[in-house]
Amino acid sequence: MLRNSRGQSTVELALVLPILILILIGIIEFGLIFKTTIQLNYGANELSRAISLDATASDVATLSTAVFTDLDASRLTVTITPNPAVKGQAITVQVTYNYQLITPLMGNVIGNNVILKGTSVIIKE
């Protein structure tokens, strides 16, 4: 005995679509967080390399703004230890960024702010 199933696909779509949208938003958020983490690590590496080659404070500030162009500078913290460094000493550059999620739905799941860090250690030449 066959029954009329004209609205079945619409009901199935209504049940599955919110889950698919949530997965898609999660993938996008994770990709943006991953991109920012890579940028922080790259920036820390570039800053530590410049400092190891005797860059001045203004050179480091200029390089920092050039490397972190698409990040909000008010949520970015750069820590250099030791400051100043002597030849043969390890220099550690840690860049911390307070990443804010772009979707409020994911913010309800994992929190609105995610602290991301990038670190680089190099010997002063």
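Keep in mind it's a predicted model, so treat the numbers as computed, not measured. All residue numbers in this chain count up from 1 along the given sequence.
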Return the [atom1] to [atom2] distance between [X] and [Y], rounded to the nearest 0.5 Å.
| X | Y | atom1 | atom2 | value |
| --- | --- | --- | --- | --- |
| Leu116 | Tyr97 | CG | OH | 8.5 Å |
| Ser52 | Ile91 | OG | CD1 | 5.5 Å |
| Ile122 | Arg49 | CD1 | CZ | 5.0 Å |
| Ser58 | Leu63 | OG | CG | 11.0 Å |
| Ser120 | Glu46 | OG | CD | 9.0 Å |
| Ser74 | Asn98 | OG | CG | 9.0 Å |

Inset, instruction - List, by chain and number, the other hydrophobic cluster members for Ile115, where Ile, Leu, Val, Met, Phe, Trp and Tyr join if side-chain heavy atoms come within less than 4.5 Å, directly or indirectly. - result: none

What donor-acceptor contacts under 3.5 angstrom involve side-chain atoms of residues 31-43, with partners at least two apart or in another chain?
unit_1 : atom_1 : unit_2 : atom_2 : d
Lys35  : NZ     : Asp70  : OD2    : 3.0
Thr36  : OG1    : Leu32  : O      : 2.9
Thr37  : OG1    : Ile33  : O      : 2.9
Gln39  : NE2    : Val67  : O      : 3.1
Gln39  : NE2    : Asp70  : OD1    : 2.7
Asn41  : OD1    : Thr119 : N      : 3.4
Asn41  : ND2    : Thr37  : O      : 3.3

Inset, instruction - Please determine, by modelled atom types, if Thr77 and Thr96 share a side-chain donor-acceptor pair under 3.5 angstrom. - result: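 Result is no, nothing qualifies.
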
Legend entry - Side-chain donor/acceptor of Gln94 to backbone N/O of Val78, under 3.5 Å: no

Which pairs of donor and acceptor atoms, one on a side chain in residues 9-24, lie under 3.5 Å apart (sequence neighbours left out)?
unit_1 : atom_1 : unit_2 : atom_2 : d
Glu12  : OE2    : Gln8   : NE2    : 3.0

Quick one: which residue pairs count as a salt bridge (Lys or Arg N to Asp or Glu O under 4.0 Å) with a foot in [range], not counting sequence neighbours?
| range | value |
| --- | --- |
| residues 111-124 | Asp54-Lys124 |
| residues 88-105 | none |
| residues 57-67 | none |
| residues 78-92 | none |

Inset, instruction - Taking salt bridge (Lys or Arg N to Asp or Glu O under 4.0 Å) as the test, write out the residues that go with Asp72, two or more places apart. - result: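 Expected list: Arg75.
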
Legend entry - Test item: Leu71 and Tyr99 side chains (from C-beta on) under 4.5 Å apart, heavy atoms: no

Inset, instruction - Report yes if some heavy atom in the side chain of Val93 is under 4.5 Å from a heavy atom in the side chain of Ile51; otherwise report no. - result: yes

Inset, instruction - Just jot down the side-chain contact (heavy atoms from CB on, under 4.5 Å) partners of Ala61, sequence neighbours excluded, or say none. - result: none

Legend entry - side-chain contact (heavy atoms from CB on, under 4.5 Å) partners for Thr81, two or more places apart: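 By the side-chain contact (heavy atoms from CB on, under 4.5 Å) rule, Thr81 matches Thr79, Thr92.
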
Inset, instruction - I would like to know whether Val114 and Leu101 meet side-chain contact (heavy atoms from CB on, under 4.5 Å); could you show each step before the answer? - result: CA-CA 8 Å; Val114 178; Leu101 299 176; 4.3 Å; yes

